[in-house]
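First the proteins, then the strands, lettered A, B, ... as listed; each starts at 1. Note: hydrogens, waters and symmetry copies are ignored here, and every other heavy atom, side chains too, is used.
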Amino acid sequence: MAHQSLIAVTLLALLARYGVLAIWPMPRSLQTGTSPVKLSSDFTVRLEGIHAPPADLLSAIARTQSRLQSDRLERLVLGRGTADVKAIQGAHVLASLTATLHSGFPVRPITEETIRAIDSKSESYQLLVPTDHADATLVANSTLGLLRGLTTFEQLWYDYKGTKYMLEGPLQVVDEPAFPYRGFSLDTSRNFYTVTDILRTLDAMSWVKLSILYWRIIDSQSFPLEVEAYPELSQKGAYSLEEIYTRDDVKQVVKYANERGIDVVMELDSPGHTTAISAAFPEHIACAGKTPWSRYASEPPAGQLRIASPSTLSFASTLFSSVASSLPGTMMSSGGDEVNLPCWEEDAQTISDLAQRNLTIADALNGFIQTVQGVIKAHGKVPFIKSDMVLTHNAPVVNETVVVVWQKSADATAVASKGLRLIHQPSDYFYLDCGGGAWLGDDIFGNSWCDPFKTWQRAYSFDPYANLSIAQRSLVLGGQMPLWSEQSSPENLDPIVWPRLAAGAEVFWTGETLPDGSPRLGANATSGTRALARLHELRFRLVDRGVKAIALQPKWCVLRSGECDLYS
Amino acid sequence: MKLVALAALLATAYAPVQALWPQPRSIETGSSTLRLAPNFQITVNGHGVPGDFLSAVSRTKQYLFGDKLERLVVGRGAVDEPKFAKAKSLQRLTLSLEHGKSFASITSESQKAPEDRDEAYRLVVPADGSGATITANSTLGLFRGLATFTQLWYEHDNTIYTVSAPVTIQDAPAYPYRGFMLDTARNFFPVSDIKRTLDAMSWVKLNQFHWHVVDSQSFPLQIPGFTDLAEKGAYSSSQVYSLSDVRDIVSYAGERGIDVMVEIDTPGHTAIIAQAHPEYVACPQATPWATYANEPPAGQLRFANSTVTTYIANLFTAVTTLFPSTLFSTGGDELNTNCYAIDEPTQAALNATGRTLEQALDVFTQKTHKALEVKGKTPVVWEEMVLVHNVTLSPQTKVLVWISSDDVKAVAEKGFKIIHAASDYFYLDCGAGGWVGDNPNGNSWCDPFKTWQHSYSFDPTANLTAEESKLIYGGEHLLWTEQSGPQNLDPIVWPRAASSAELFWTGPGGNISTALPRLHDVAYRMRQRGVGAISLQPEWCALRPGACDLTA
């Protein structure tokens with residue numbers, strides 16, 4: 001007992017001396033010592049036992065080597081790097097990192113591992129940085145696991161006048177994610193983002209081991225996706241001919257993502273949120289642009305697919321089929337949020353279609369869902385759908401459906417009780433756009449509908465298993481933080497997303513609790529001595545790498561762990 | 001009758017958006033298309049044209065030909081193309097001072113006391129291609145006219161044109177003080193960020209940069225004779241505004257019609273001075289910080305100590321040499337008395353002099369303000385110096401009302417001139433959640449976010465008598481930077497800060513529905529000029545004025 005508390009005191013002293021090792025997300029198992037280690041000036045990452053390594057693995061290694069050189073982050077303590085001069089002088093020199101796969105595991109491109117079924121990916125890895133003059137080692141079951149390990153390795157090092165060093169060798173990490181689905185959702189329809197913006201975001205996502213870009217590519221405002229079957233959709237529905245994701249652009253984004261361990265789930269939101277289709281195909285859209293918009297839609301402009309029209313159903317099938325066949329991943333979403341009944345109830349053609357086919361709106365909606373889910377399935381993909389389609393409309397979704405829980409976190413329980421798999425995207429924890437005030441015109445006192453702003457601390461305190469039974473837990477695939485773009489565009493993409501999105505990345509990598517078993521909502525969890533210290537470091541690293549992550553606190557606080565906590 | 005009303009409605013709906021910001025006080029426009037000739041010239045009438053004015057003219061030409069902003073309508077510039085062939089071309093803009101006025105630099109005109117600046121101008125752009133003119137009493141007025149002129153033009157397929165000729169504008173600001181405040185102490189901003197901000201300010205005719213340069217967290221200002229403050233108190237040696245940086249910023253601002261009012265916040269918000277002079281600061285980094293300060297770290301000047309008073313008076317004197325402005329803010333907000341209650345040197349000094357804390361504060365304020373007044377500076381203070389503390393202030397003192405717009409009346413009743421800076425209307429940082437650590441459910445203290453519409457709807461003379469209304473000097477948007485840095489400076493400031501620029505130039509009562517299309521134009525034009533202004537709405541809405549109004 002006495003011995004144990006001595007260890008506890010020692011550990012505490014070490015933490016105080018060295019601060020928190022700034023790996024983000026926190027590995028599931030991490031052991032560190034107190035010996036400084038520095039990279040040799042000719043440090044290399046070597047592959048061992050991997051014959052004919054895939055090109056994307058070699059590229060990943062080259063990126064790691066390049067960042068090890070170019071990252072210029074000085075440690076965030078008073079005095080910065082000068083505080084460590086002595087430690088650096090006496091540091092063990094590390095000559096190389098040797099990466100290998102466990103024997104018997106196949107060598108496949110990262111890209112291929114990334115787009116495997118969501119529940120069959122292998123992202124685990126083990127990393128060892130010794131202090132006995134041996135090489136550092138990284139071992140995994142897949143090239144994707146190696147990529148995750150390289151990402152961790154990059155985060156170990158500080159710069160002081162060109163020397164790359166860490167203070168906590170030897171270091172051992174045994175790591176794997178708690179959830180396979182760790183995503184970011186981007187709305188590229190309300191306002192357009194260039195491919196460059198998306199690629200930069202994918203890089204940053206990979207640095208915090210996010211695994212999914214949920215690409216909310218179209219909406220009522222614009223249709224920027226070039227569809228092979230219907231090129232007029234983007235020609236007429238995009239904001240301009242320059243604001244289109246061509247098929248080559250989509251291929252480039254998907255490839256860039258996959259090479260970085262990120263799978264792309266594309267959402268074609270339907271049958272609501274589809275007004276932009278009317279620019280090319282007015283015959284498929286009910287209540288297009290109808291006013292007052294607030295009677296027919298959650299936001300302007302109104303307009304929804306004519307779900308009762310056989311020709312519109314056939315159009316939707318072809319649309320989904322054309323897009324699905326262009327995407328390599330195993331998941332695709334048909335959206336389904338916020339459908340508006342008066343839009344159909346007052347649409348003459350829908351009224352006549354319903355009468356002719358002797359259907360109710362609910363019947364027609366069910367038929368629509370079955371049609372698009374059928375197309376998604378037929379292309380070998382798992383269909384995703386928004387939670388209101390299941391909870392409000394009781395849509396008859398296929399068993400393997402993944403439900404995106406968005407309205408509120410409490411809805412997860414109801415979805416799970418239907419036995420459906422789910423991902424968490426609750427507006428009360430994860431919406432990055434909340435708190436920006438009202439964006440509608442002529443609204444002096446209007447506030448953000450999901451006010452207040454969701455701080456990183458709020459997102460971080462999310463419990464993925466809250467109110468779920470033990471049996472229901474296996475239904476949770478993970479979660480994602482979305483950016484809706486009514487008030488966003490390339491100008492504020494980085495600052496509104498980073499570093500907050502990293503909070504979601506750690507929640508779904510580490511799971512219900514932190515690796516030491518302490519709850520993320522517990523005392524001190526978001527303290528400047530703990531998660532906040534690591535997140536500050538991540539933010540400075542993001543800025544160093546060209547991503548405009550915002551300051552979470554005055555720099556005074558950043559350099560003084562814990563002194564700007566609420567009760568410090 | 002009905003037909004006429006309908007016709008008028010159609011005209012409003014389809015007439016091109018007048019995209020001037022701030023809206024001129026008097027404007028008449030037509031609906032003719034007028035092109036800018038490829039060899040378009042700007043000439044200045046008169047002798048002895050100052051260098052900064054010639055530079056402003058050349059920047060104007062760069063904007064005219066470089067903005068390349070397509071008009072924000074469905075179909076963009078292509079819808080105007082049919083009118084290009086028949087449009088006349090404008091060859092020349094002539095700038096002249098009114099008879100009897102002589103040229104002085106924009107800089108010197110801008111650095112006068114706000115009430116002495118002459119920013120009025122008259123702009124005429126005929127539709128027939130004959131020369132356009134701007135006339136004014138000063139180069140500063142001509143400069144404001146140039147800012148207006150650049151906002152008239154759109155570009156499509158290499159044609160630069162306006163759709164609103166002829167144009168006649170008679171313009172002058174409603175209020176002399178129209179500012180923007182930036183805190184460079186919580187987080188540091190390089191000179192280039194400040195300059196880009198000054199450019200954007202000048203485009204919307206803001207005329208006062210309120211520079212909250214130092215605070216308890218860092219002291220980035222190099223001051224002659226007091227260089228230890230920045231040496232020991234800046235975040236790093238590369239995060240210091242050197243003498244040449246300050247000169248650069250002041251002259252860059254001056255050339256753009258902007259005066260720089262520095263703020264050395266005292267006696268609170270000064271913990272960082274302890275790095276160089278621990279003996280001058282009470283309760284440095286005392287904990288729990290919440291007992292001794294509004295935010296960490298705690299620490300305030302020992303103002304009861306006459307050495308400290310003399311030191312600050314001398315510091316102020318030294319700072320006045322860096323800033324030609326007539327205005328100098330001494331701060332004075334959020335003084336925490338617990339800090340002094342536990343500070344033995346302060347208690348000893350009070351005992352020795354037989355003064356109360358308030359009396360000592362009065363002595364400190366009078367002596368430090370005196371140092372400014374002998375240098376010809378007008379002190380500016382935060383509202384607590386008038387409403388909470390009973391200190392003696394010169395009647396010339398201007399007062400920044402920040403805690404709440406409800407406090408304006410009380411300050412007016414004391415007869416001081418007022419600068420609107422109310423947190424409930426003008427704080428750009430509100431709404432971003434709590435920033436102190438270990439506080440998962442913490443919210444922004446001044447939540448919610450202040451939208452441009454909210455700021456725009458502010459009434460500067462609400463609840464004031466006609467006599468009190470004359471005390472309104474103007475107002476400003478403010479950015480406190482606990483959660484800001486260069487990474488989000490542009491998006492958090494623009495285009496929102498433009499809303500107060502119009503409020504205090506054009507005067508209150510603007511219509512938010514008709515303002516929004518013009519503000520979209522401001523944001524799009526800023527982006528063309530390299531300022532990362534955010535989207536206020538989906539582009540679908542930006543191209544369809546009114547379609548995304550609450551009740552549309």
Q) What's the spacing between A:Ser294 OG and B:Leu550 CG if we round to 0.5 Å? A) 7.5 Å

Q) Can you pull out the residues in residues 424-433 of chain B with any heavy atom less than 4.5 Å from chain A? A) B:Gly431, B:Ala432, B:Gly433

Q: Can you tell which part of B:Asp490 gets under 4.5 Å to a heavy atom of chain A, answering side chain, backbone, both or neither?
A: neither

Q.
Heavy-atom cut-off 4.5 Å, strictly under: side chain, backbone, both or neither for B:Ser484 against chain A?
A. backbone

**Q.** Per-residue contact mode, A:Arg500 against chain B (heavy atom under 4.5 angstrom)
**A.** neither

Q.
Keeping A:Trp293 on the side-chain end and B:Asp549 on the backbone end, is there a donor-acceptor pair under 3.5 Å?
A. yes

**Q.** Between B:Ile534, B:Thr481, B:Leu516, B:Thr551, the one whose heavy-atom pairs under 4.5 Å with chain A are most numerous
**A.** B:Ile534

Q: Start with the C-alpha gap between B:Leu536 and A:Gln487, add the side-chain angles, then the distance that decides, and say whether side chain to side chain contact (heavy atoms under 4.5 Å, CB included) holds.
A: CA-CA 5 Å; B:Leu536 295 172; A:Gln487 295 161 299; over 6 Å; no

Q) Side chains of B:Asn488 and A:Lys548: does their closest heavy-atom pair fall under 4.5 Å? A) no

Q: Find the distance between CG (A:Asp442) and CD1 (B:Ile512) and round it off to the nearest 0.5 Å.
A: 4.5 Å

Q: Answer whether the closest heavy-atom distance between the side chains of A:Phe445 and B:Pro448 falls below 4.5 Å.
A: no

(Q) Return the OG to CD distance between A:Ser240 and B:Glu70, rounded to the nearest 0.5 Å. (A) 9.0 Å

Q) Given the options A:Lys555, A:Glu486, A:Glu299, A:Gln221, which has more heavy-atom pairs under 4.5 Å with chain B than any of the others? A) A:Lys555

(Q) Taking every non-hydrogen pair under 4.5 Å, which of B:Lys450, B:Gln285, B:Gln483, B:Gln453 racks up the most with chain A? (A) B:Gln453

Q: Please flag which part of A:Ala549 lies under 4.5 Å from any non-hydrogen atom of chain B: side chain, backbone, both or neither.
A: backbone

Q) Which region of A:Cys434, side chain (C-beta onward) or backbone (N, CA, C, O), has a non-hydrogen atom less than 4.5 Å from a non-hydrogen atom of chain B, or is it both or neither? A) neither

Q.
Evaluate B:Asn439 against A:Gln457 for side chain to side chain contact (heavy atoms under 4.5 Å, CB included), listing each step before the verdict.
A. CA-CA 7 Å; B:Asn439 189 23; A:Gln457 301 186 58; 3.9 Å; yes

Q.
What part of B:Ser535 gets within 4.5 angstrom of chain A, counting heavy atoms only: side chain, backbone, both, or neither?
A. both

Q. Given that the side chain runs from C-beta out, which part of B:Ala547 has a heavy atom under 4.5 Å from chain A: side chain, backbone, both or neither?
A. backbone

Q) How far apart are the closest heavy atoms of B:Ser457 and A:Ile444, and which atoms are they? A) OG-CG2, 3.2 Å

(Q) If you count heavy-atom pairs within less than 4.5 Å of chain A, which of B:Leu543, B:Asp447, B:Asn511 leads? (A) B:Asp447

Q. Taking A:Tyr239 for the side chain and B:Trp540 for the main chain, is one N or O donor matched with an acceptor at less than 3.5 Å?
A. yes

(Q) One pair to check against side chain to side chain contact (heavy atoms under 4.5 Å, CB included): B:Val436 and A:Asp565. What are the steps and the verdict? (A) CA-CA 5 Å; B:Val436 295; A:Asp565 283 355; over 6 Å; no

Q. So do the side chains of B:Gln487 and A:Val543 get within less than 4.5 Å of each other, counting heavy atoms only?
A. yes

Q: Specify which of B:Arg544, B:Glu539, B:Glu295, B:Glu482 makes the most heavy-atom pairs with chain A at under 4.5 Å.
A: B:Glu539

Q) Can you find a pair of side-chain heavy atoms, one from A:Trp439 and one from B:Pro538, that are under 4.5 Å apart? A) yes

**Q.** chain A contact via B:Pro486 - which portion, at a heavy-atom distance below 4.5 Å
**A.** neither

Q. Side chain, backbone, both or neither: which part of B:Ala533 has an atom under 4.5 Å from a heavy atom of chain A?
A. backbone

Q) B:Pro491 and A:Glu491: which non-hydrogen atoms are nearest, and at how many Å? A) CG-O, 3.6 Å

Q. So which part of B:Arg76 gets closer than 4.5 Å to some heavy atom of chain A, the side chain, the backbone, both or neither?
A. neither

**Q.** Heavy-atom pair count under 4.5 Å with chain B, highest-scoring of A:Ser489, A:Pro300, A:Cys564, A:Gly437
**A.** A:Cys564

Q: Would you give the length of the straight line joining atom CD of A:Gln553 to atom CZ of B:Arg186, rounded to the nearest 0.5 angstrom?
A: 12.5 Å

(Q) Heavy-atom cut-off 4.5 Å, strictly under: side chain, backbone, both or neither for A:Pro301 against chain B? (A) both

Q. Measuring heavy-atom distances to chain B, does A:Ser488 have an atom under 4.5 Å in its side chain, in its backbone, in both, or in neither?
A. backbone

**Q.** No-hydrogen, no-angle side-chain donor-acceptor test under 3.5 Å, A:Arg190 and B:Gln537
**A.** no

Q) Are the side chain of A:Glu563 and the backbone N or O of B:Trp289 linked by a donor-acceptor pair below 3.5 Å? A) no

Q: Check each atom of A:Thr455 against the heavy atoms of chain B and say whether the ones under 4.5 Å are side chain, backbone, both or neither.
A: side chain

Q. Is there side-chain contact between A:Tyr460 and B:Pro440, with heavy atoms separated by less than 4.5 Å?
A. no

**Q.** Residue among B:Ser513, B:Pro297, B:Ser218, B:Cys541 with most heavy-atom pairs under 4.5 Å to chain A
**A.** B:Pro297

Q.
Can you tell me which portion of A:Asp494 sits under 4.5 Å from chain B's heavy atoms? Options are side chain, backbone, both or neither.
A. neither

Q. If you count heavy-atom pairs under 4.5 Å between each of A:Asp219, A:Leu532, A:Val547, A:Asn447 and chain B, which one has the most?
A. A:Asn447

Q) Looking at A:Asn492, A:Ile550, A:Leu559, A:Asn191, which one has more heavy-atom pairs under 4.5 Å with chain B than the rest? A) A:Asn191

Q | Intermediate values then yes/no, side chain to side chain contact (heavy atoms under 4.5 Å, CB included), A:Ser448 and B:Phe449 | A | CA-CA 8 Å; A:Ser448 164; B:Phe449 185 90; over 6 Å; no

Q | Leading residue by heavy atom contact count with chain B [cutoff under 4.5 Å; candidates A:Asn524, A:Leu78, A:Asp443, A:Val558] | A | A:Asp443

